[in-house]
Amino acid sequence: MSALPRVTRRRAVTAAVVLVLLAAATVWAVLPERAAWTAQDLRITVRSGPAGDQPVDLDARFLLPRERSGKVPAVLLAHGFGGTKDSVRQDAESLAARGYAVLTWTAQGFGRSTGQIHLDSPDYEVKDAQRLLDWLARRPEVRTDTAGDPRVGVVGGSYGGALALLLAGQDQRVDAIVPSITWNDLGRAFLPQSAATDATGVFKKGWAGVFFGSSSGGDDPACGRFAADVCRAYLSMATSGTPDQAALDLLRKSSPATVLDRIKAPTLLVQGAVDTLFPLSEADANAKGIAATGTPVKVAWFTGGHDGGAGPGSDQDRVKFLTAQWLDHYVKGDGAAPGDDFTWSRVAGFSAMDRDLVTNGYSAPAYPGITGTGNARLTLTGSAQPIANPPNGNPAALSALPGLGSRLSSLLSGNVASDIPGQHATFATAPLTGSIEVAGAPALALRAASPTGEAVLFVKLYDVDPAGAPTLSAGLVAPVRLTGLPERIGDARPVTVTLPAIVRRLEAGHTLQVVVATSDQAFLSPAAPATYTVAVDGQLTLPTLVGTAISSPAAIWWYALGALIAAVLLGLVVLLLFRRARRRRRVIAVNQAYAGTPLVVTGLRKAYQDGFVAVEEIGFTVERGQVVGLLGPNGAGKTTTLRVLMGLTTPTAGEIHVFGHRLVPGAQILSRVGALVEGPGFLPHLTGYENLRAYWRATGRPWEDARFDEALEIAGLGASVHRRTKNYSHGMRQRLAIAQAMLGLPELLVLDEPTDGLDPPQIAEMRRVLQRYATDGRAVLVSSHLLAEVEQTCTHAVVVNKGRIVASGPVEEIVGESPSVAIDVTDVPAATEILTGLGVRSVTPDGASSLIVDMNGTPRAEVVASLVRAGVGVDRVVPRRRLEDAFLALVGDNSRGSGDR
Amino acid sequence: MTASHTNPPGVPPAGGLPPAVPSDAAPAAGRSGAGSDGRDATSAAERPGAAPRRTDAAAGYRPSRTLPIVAEIRRQASRRRTQLALGFMVLLPLIILVAFEFGGGGDSDDDRNGGGAFSSLVDLATSGGLNFALFGLAVSAGFLLVVVFALFAGDTVASEASWGSLRYLLAIPVPRARLLAVKLVVALGYSFLALVLLAGTGLLVGTLRYGWHPLGSTIAAQIPPGQGVLRLLGILAYLAVILLVVAGLAFLLSVLTDAALGAVGGAVLLWILSSILDQITALGSIRDALPTHYSDAWLGLLSTPVQTEDLAKGAISAIVYAVLFWGAAFYRFTRKDITS
């Protein structure tokens, strides 16, 4: 094989086609589709502030569907905290492609907008949004309900979600809102209190720090771009852990909780179950507040949130679908009213593809809140335990990693959470007898005693598998600040603690552990060291929820797989039937003229793809009983002819008939031909005997037809027949190959250079074997480049040179005595004269003392007698032979083969 | 040299060669000469008028009986590489077992790498026979099984070509399509056998050493042993399907080249290339079309309920690729000139 394939036209075309297809596929995959929307970046100046006199320059982008008929409804799309209009770019584009005019902007205090961060204050950010509604109403492309009232939905997540709620509460022009992962009461979100008391909650320092730290720029290095009052509130809260009234008022003002009763826009609330910042209870409060006034509300939970990110693909698809359905109905006016059914998802396992989690979706006919539709009660056991509060909250237990992104799997498989020895008490249930599908906020009764009368505690619920590995679902903890505690646990009164809502399937055999800890890295705990005593009595209440599984799109792929397999099988069957029919036609077609002749080759021509013509035109016949020699120099085309004869190579032109059957690759008539072509081919790891057996097994013919003993006798390998063929000499392999060709005693035996590698006695034996073989109606075709071999072995000969036949016929005819004689004489001119007088046909001088005489029937004795009588000395009289004549005439003067042409 | 000097090629005993044709149908030797024109009118005229058999093939020859599957299985079974590959499939679980036993107790605290799906399999490997077998599959699926499938499928035709025995099979004649089909079936059979051996040995030694326990994974619930066996079978089936791509590619290369090593190496090379491309997320949706993209989808069978979407996609992708490769192999082989 050459290192580089020859460049032919066919190959070039194939390569070009493949390249073009590859390039097209790449371009198709990489190039975005022509956008279905147009976008325009602009700056909108709005008047902000309580008096509406502070100009703020908003960095905005306005997108319109490229193809629209008439005016289109609008969507105001708000971004999350720390983001810009670019953070919601993809959502904006997909909404615009759905037929909405989309206005996104960077909220004041962020990005390239001016102004300061007021935390969605009704006087600032919400007022800005009202001015943007005015702006939308003036746009000629945007549909309006009445003059100045655009048909608009407001969509946003987190910071943008609260803005949507607050805007809908403040401005009745909003037609629908889709707030996601957002808060109800900002004070409660940052100062959560899970116990049923009035004490101020525990400062969520982790998340607060993440947000406060995300603003840069501004004049005051301490405050960044935060408004002075917001900055002051943060600094005071973060220092003391307890807010002053001004801070509480500020947080209250930025809370949708204050405006829920005024929201008339149908609301789709999307909340994440993996969210330690705004847990499911925030959306629950929003839903209850809005629904109380009769406004349509729909709730959806997904496995994600501020800790969990956008969630698995199936959840993202569900949220996108719900959003589009909501807007289409309530803003655009398309589609049926979305029901108030509730959908959620639960982790099912890890995804094989992206090494993240996979969730299953479920739906229930109505939103059950975070108390579920049922209850499971489990008894917790464990005695009262003393736990230490570390000074300044260090070291602290770890529950979640705020702001560190979304390793869903680590949060849900429990690799993060850890507790500090001595700082936590554990209360456990017995192993579960059956699985429990928890969806909601578990509750328990906690008793605590503290020497200071106060305690900050963190209550967590671990799911512990039978191997003992605990998992803190979504990293959620219930911070508790208790006041008025007795010093002794015996005097403590139970207080109900409601844990954050979780969505989890608790498997049978798992145990649940309630851990009460004194510190948590995400929260600010008291700086002074103290030792509390805690006890959890009685029962743990788990809200349960059973839903119907939302069918996964996987089924479609299984149908597709089934269809594919069916199509492949069908194609295979059709192909087989077609081939069988074609083969049957071919197999029974017999050329009656050649039906009894072992081999008829007519007009054979073989030109290789690279243009080399190995066989120009060859035609000959092998009859029964003949041993035909195919004689020619190396490269004359003998092997190519035999290759075609074995069906290994397809001829360019011409036909071969074996017993009247046209020979094509794989023709059944080949079963009556035995062959040795281009040297032996054996499985090197098998012995000679095993090779013959393996070969005969491959024929599928009856064992007794093989005539093994005769073949082995011909091979004559003796005991060596049981050695591996890789250790054979060249001659041994050759003999074994001849034996293999003779297995089953085929009627036509084709041998390519059979005596190659044999020693003279073996050659003599082989000659006899072949001559014997051809008796009884069999025929042998032997190729050779050795004249003597053909002469001694064959009954007939075909001489080939340069791809053409130059002579053919019975060997005795062409090898036998020719009419010419070579005579060496002492006097050439005299001899010529005498011979001419005798009436011979021609006399040709050949060298200094030799003459070639065409006798024309004159007896040799008479010629010699005449010459001697005339006094010419005769040194030598040699009868010439025709084959030699022919062979030498062709080859002798030019020993180069046709391969060198 | 050999014994041939003392046993020269023997002449068949007298009468050892039975007549090839009934004597009345045999023309006398040399009655008609070999004619260079190939059209011998006299021989046609003198031919007895006996009607030929329908196919005139040799007695007992039927194309559909050539190269029986059993014969091909024996051909391959006698090869050292078959024995070694299958033997290693049995050996590997034992090596892993020994490594676990002497490797320091499998404390996984040091190598907590964030808790991917794979690390959880490592942690759980010693928790029972099912998990042990699963671990053996997981560490082999990426490369070892690829090489084994490529070896069995890629070596099959090319090695016959390189020994020179291919032309003798075709001259029997084994129909080319049948030759390929038998070779393919047997190669796939050995590949699947290797897969089953690996899992079966892992299950056996794992169960003997670690006991018969539920199939565990850290994220989903434990799967009871009975169902765990079904899941394991499902994983085996999926691996078998996804590796059809390697088998297809190696088989195609095996038909295109006479160098067995080139076919095996080429298939493994392209598989690795595809794996690397699949790591480059910038390629976007092109990656979905890569044959290796869904190669890890069997992990979906470890969750409860099972995640089957990627399994279906992976199976579709693998079958499409395999059918394309095999189709190309058959198309090429049934038309090419055998020059080896």
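The figures here come from the full heavy-atom set of this structure, side chains too, leaving out hydrogens, waters and symmetry mates. Residue numbering restarts at 1 for every chain, and letters A, B, ... go by the order of the sequence lines. Note that the structure is predicted; figures quoted are calculated from it, not measured.
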Side chain to side chain, B/Leu311 and A/Leu561, heavy atoms closer than 4.5 Å: no

Euclidean distance, A/Gln668 CD relative to B/Ile172 CD1, rounded to 0.5 Å: 13.5 Å

Interface residue of largest heavy-atom contact number with chain B, from A/Ala675, A/Ala741, A/Ser435, A/Gly679, under 4.5 Å: A/Gly679

Heavy atoms of other groups near B/Arg74 CZ, more than 12 under 6.0 Å: no

Residue, of A/Pro680, A/Ala469, A/Ala508, that accumulates the most heavy atom pairs under 4.5 Å with chain B: A/Pro680

Qualifying residues under side-chain hydrogen bond (donor to acceptor under 3.5 Å, both in side chains), relative to B/Asp288, sequence neighbours excluded: B/His293

Separation between OG1 of A/Thr649 and NZ of B/Lys336, rounded to the nearest 0.5 Å: 10.5 Å

Whether over 12 other heavy atoms sit under 6.0 Å from A/Tyr559 OH: no

Heavy-atom side-chain proximity of B/Leu170 to A/Pro665 below 4.5 angstrom: no

Side chain, backbone, both or neither of A/Arg693 within contact of chain B (heavy atoms, under 4.5 Å): neither

Residue, of A/Val627, A/Ile565, A/Leu670, A/Leu645, that accumulates the most heavy atom pairs under 4.5 Å with chain B: A/Leu670

When A/Val568, A/Leu683, A/Leu564 are compared by non-hydrogen pairs under 4.5 Å with chain B, the top option: A/Leu683

Pairs of heavy atoms under 4.5 Å with chain B: top-ranked of A/Ala739, A/Gly700, A/Ala698: A/Ala698

A/Thr699 side chain reached by B/Tyr61 side chain, heavy atoms, under 4.5 Å: no

B/Asp337 side chain near A/Thr650 side chain, heavy-atom distance below 4.5 Å: yes

Residue list, side-chain hydrogen bond (donor to acceptor under 3.5 Å, both in side chains) with A/Ser671, at least two apart or on another chain: none

A/Leu648 versus B/Arg176, closest heavy-atom pair with distance: O-NH2, 3.0 Å

Under 3.5 Å donor-acceptor, B/Tyr168 side chain and A/Val677 backbone: yes

Interface residue of largest heavy-atom contact number with chain B, from A/Gly647, A/Pro684, A/Gly660, under 4.5 Å: A/Pro684

More than 12 heavy atoms of other groups within 6.0 Å of B/Arg80 CZ: no

Within-4.5 Å side-chain heavy-atom neighbours: B/Arg167 and A/Glu678: yes

Heavy-atom neighbours of A/Trp696 CH2 exceed 12 at 6.0 Å: yes

Proximity breakdown for B/Arg75 and chain A, heavy-atom pairs closer than 4.5 Å: both

Atom group of B/Arg79 that falls short of 4.5 Å from chain A, counting heavy atoms: both

Segment of B/Arg178 engaging chain A (4.5 angstrom heavy-atom cut-off): neither

Any side-chain heavy-atom pair of B/Ser78 and A/Glu690 under 4.5 Å: no

